[in-house]
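Keep in mind it's a predicted model, so treat the numbers as computed, not measured. Just so you know, these numbers use all the heavy atoms, side chains as well, and skip hydrogens, waters and symmetry mates. Just so it is clear: chains get the letters A, B, ... in the order the sequence lines come, proteins before strands, and each one is counted from 1.
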There are 4 protein chains.
Amino acid sequence: MLPPGMSDRAAGRRRELLDAAIAVFARKGFHAARVADITAEAGVAHGLLYHYFRSKDEVLETIIRETWQLLQADTERIASSGAPLEEQLRRFAHIHLGSWLVAPDLIRVLVREVGRSPQVGSRVGEMGGVFLGLQRIVEAAHERGEVRADCDPRLAAWVFYGALEEILTGWVLGQLPGGEQEIDRAVATVVGITHAGLAA
Amino acid sequence: MLPPGMSDRAAGRRRELLDAAIAVFARKGFHAARVADITAEAGVAHGLLYHYFRSKDEVLETIIRETWQLLQADTERIASSGAPLEEQLRRFAHIHLGSWLVAPDLIRVLVREVGRSPQVGSRVGEMGGVFLGLQRIVEAAHERGEVRADCDPRLAAWVFYGALEEILTGWVLGQLPGGEQEIDRAVATVVGITHAGLAA
Amino acid sequence: MLPPGMSDRAAGRRRELLDAAIAVFARKGFHAARVADITAEAGVAHGLLYHYFRSKDEVLETIIRETWQLLQADTERIASSGAPLEEQLRRFAHIHLGSWLVAPDLIRVLVREVGRSPQVGSRVGEMGGVFLGLQRIVEAAHERGEVRADCDPRLAAWVFYGALEEILTGWVLGQLPGGEQEIDRAVATVVGITHAGLAA
Amino acid sequence: MLPPGMSDRAAGRRRELLDAAIAVFARKGFHAARVADITAEAGVAHGLLYHYFRSKDEVLETIIRETWQLLQADTERIASSGAPLEEQLRRFAHIHLGSWLVAPDLIRVLVREVGRSPQVGSRVGEMGGVFLGLQRIVEAAHERGEVRADCDPRLAAWVFYGALEEILTGWVLGQLPGGEQEIDRAVATVVGITHAGLAA
DNA sequence: GATGAATGAGATTTCATTCAT
DNA sequence: AATGAATGAAATCTCATTCAT
């Protein structure tokens, strides 16, 4: 995840720059954000960004990749838990939608810059891991007889993920109320619909 | 929709430029696309674009707005049909996912540039119309007793729309197979899950 | 030589920019010269340079290439004249050293930026033509019996050209007096030494 | 030549850095070469270069100056030898062209960066010494009656030097074959032409 | 309507140099 | 002596937009 051989101090600086970038990208959007904004936010000279990243693009790429990697790890942990389908869906939804409270700026960036990802080229890999994890969750439930026979687990995974993503989008765009209680409701609603929709 | 007082010929040119823009935006993305690319695609000098649009931004805005307006009209027609919920959902899904076959470049642009829309400022209006229409579809079914009591029609509308959008995203990113038959399957799956998930 | 399909007006602008570049490169050297210096010298906005040249490098490349092409044409004309060796050498020396009076800035640029040429990559081609022309001049004289048998025409061409080039260098660096009369003396000296040195 | 009070070890490091710089300048050219390339070649941290040199420019200056100083010393030794003109020319040519075998990278740098020298400001001094030495060689021969009366010794020195320099250029650019035997032939040719051209 | 030369603001990126450790 | 993180000046190049023709 980190370039090997990076000192603690260097890793700290790198993290500071990533956090500054998230804040700035969330505020102005990736394109309107200048490198100088990021380094000003981090309180360093703008040349320093280029010691840690090859380009402004690589900064966004890193943010996206690291986030997807974390989500992928969560997904795999949930998939290995052996819990009932509904419980697994709830855990995933809780983590994914819950991140709106924990790191709203990060969510703003991810929602608004999704479109860039395929260009940036790295999304597909990590993203694929998450979708595969969700698919395996549905498949396992399928094998346990928790899911309707006529349901395609792969599409089901996309449907479920898309529902969550759209709600995050609603929050980011201010189209849906996004307080703490709404998050619980949203988790319940998405899981309710999806699970009932899939259930045998 | 068209600036008033525009001749047929002028409207034709305008349309050519919009189509050229859709092709170019689909190929390179909005930011990487240059005005000169669009006019070259349309076979005219680049100054001409400024007779029809105030800026490059306005071109994208127009594309997005016109699309949402059409979708809004479709949604309202469906909502007024009085058909059962499942049938209404199927019609909407059929139109929305079906556009991948009819106008894949347009879908590519919409999926990839969603993030830009709120900045551009026009999304919220027309988009809101579509979501409101979907919400009213669910509410009406609710009143007819077709839907579970504990279900929030607004969130349900977002869940349904998000599921469709994510499948379009999968096709755009090449992560899901997007042939003609897959479209029918996708319609069936999304409608199946959502309707069963909402049903009383 | 010119990109085809360039209007007279465009060709004129291009020439103005080349002349401005020669003046600026002569004054500050290629590296210290900024694109803005060139365009300021030409009295246009700096963006305009990029309508005519792909880069600052291409401007220098063009200057060098066009100059060598002219010299190559001169060389070929002289080589085809059938005049005695001494006369041919005198004509070449007269043209080459004479350019110091005609276009001293151009000579300054060429002498000071020779080193760049091979990097720029185009020198070898045109340059090769000049050296080949000189070589053929010596070879023809050899066949006419005007030249010693033990003399390698190729090396002789390089010796002759190097002598001229070094004198231009002396003028550029201000190490040799470079007035009008000195040019005639220099022609006489170089031709005198080289011809006597080669003569049978 | 060395800053006074420099230890042997320090002098060794300094030498290592100069040699590394010669290799890098030969490979990439002075401008494209970064300080970090030089220190990487020498296997030290880039800050260290600034313990031994004030700037990147000073490194090139040093390389050029030291080389010209050695050549100047050679020239003066030859000039004092009292040998016949032809013999003196041969010795100089042998040393100068011979360096292509001994230190080709150094020659590459000198040939390609001549243009920079006057800017760097140091060339004129040491260079002047070499040219003056060659001029005195011709003048002495002139006084001994070995040389034609109508020959300007100063220009003759430049002609001779330019011939050698151009042959080195041909080798550097790969335009002339530069093996061991070619060097002897080149010495013979240049000396042959120049001496015969000057002889009474 | 149509053209494309001309403009110029503006941003990324590079890299020589410094200096605390 | 040696390191390499940090600085920040500086310059190329892009491209949306304008406007004379």
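Listed pair A/R14 / F/dA5 fails the phosphate criterion, with no side-chain N or O lying under 4.0 Å from OP1 or OP2. At the phosphate of F/dA2, OP1 or OP2 sits under 4.0 Å from a side-chain N or O atom of D/R9. At least one side-chain nitrogen or oxygen of C/R13 sits closer than 4.0 Å to the OP1 or OP2 atom of E/dA6. Regarding contacts with the backbone of F/dT7, every side-chain N or O of A/Y50 stays at 4.0 angstrom or more from both OP1 and OP2.
Rounded to whole Å, atom C1' of F/dG4 lies 16 Å from atom CG of A/D8. With rounding to whole Å, B/L17 atom CG is found 10 Å from E/dT3 atom P. Distance CG (A/L60) to C1' (E/dT12): 16 Å, rounded to an integer number of Å. Protein atom CG of B/L49 is 16 Å distant from nucleotide atom P of F/dC15, rounded to whole Å. Between the P atom of F/dA5 and the CD atom of A/E16 lies a distance of 14 Å, rounded to the nearest Å. Atom CZ in C/R34 sits roughly 16 Å away from atom C1' in E/dG8 (whole-Å rounding). Rounded to an integer number of Å, the gap from CD of A/E58 to C1' of E/dT12 is 14 Å. When the P atom of F/dT14 is taken as reference, atom NE2 of A/H31 falls 16 Å away, rounded to whole Å.
The partner of F/dC13 is E/dG10, by the rule that a Watson-Crick or G-U pair needs both atom distances under 3.5 Å. When Watson-Crick and G-U wobble pairs are counted only if both distances are under 3.5 Å, E/dT3 pairs with F/dA20.
Within the 4.5 Å cutoff, no side-chain heavy atoms of D/D105 are placed close to those of D/F25. Taking 4.5 Å as the limit, some side-chain heavy atom of D/I22 sits within range of a side-chain heavy atom of D/D19.
Comparing C/H51 and A/H51 along DNA chain F, the residue whose closest nucleotide (by nearest heavy atom) sits nearer the 5' end is A/H51. The nearest heavy atom of DNA chain E to D/A36 and to D/L48 marks one nucleotide each, and the one closer to the 5' end goes with D/A36. Closest-nucleotide positions on DNA chain E for B/G43 and A/K56 were compared, and the one nearer the 5' end corresponds to B/G43. Across the interface with DNA chain F, nearest-nucleotide mapping of A/A10 and C/G47 shows A/A10 to be the residue nearer the 5′ end.
Under a 4.0 Å N-O distance rule, the pair D/E61/D/R54 does not qualify as a salt bridge.
In this pair, A/H31 and B/H31 present their aromatic rings parallel. The plane angle is below 30°, not in the 30 to 60° band.
On a pure distance criterion of 3.5 Å, a polar donor-acceptor pair joins the side chain of C/H46 and the base of E/dA9.
Looking only at distances, no side-chain donor or acceptor of D/E41 sits under 3.5 Å from a matching main-chain atom of D/V24.
Picking from F/dT7, F/dT17, E/dT12 the nucleotide with the shortest atom distance to the side chain of A/V44 gives F/dT7.
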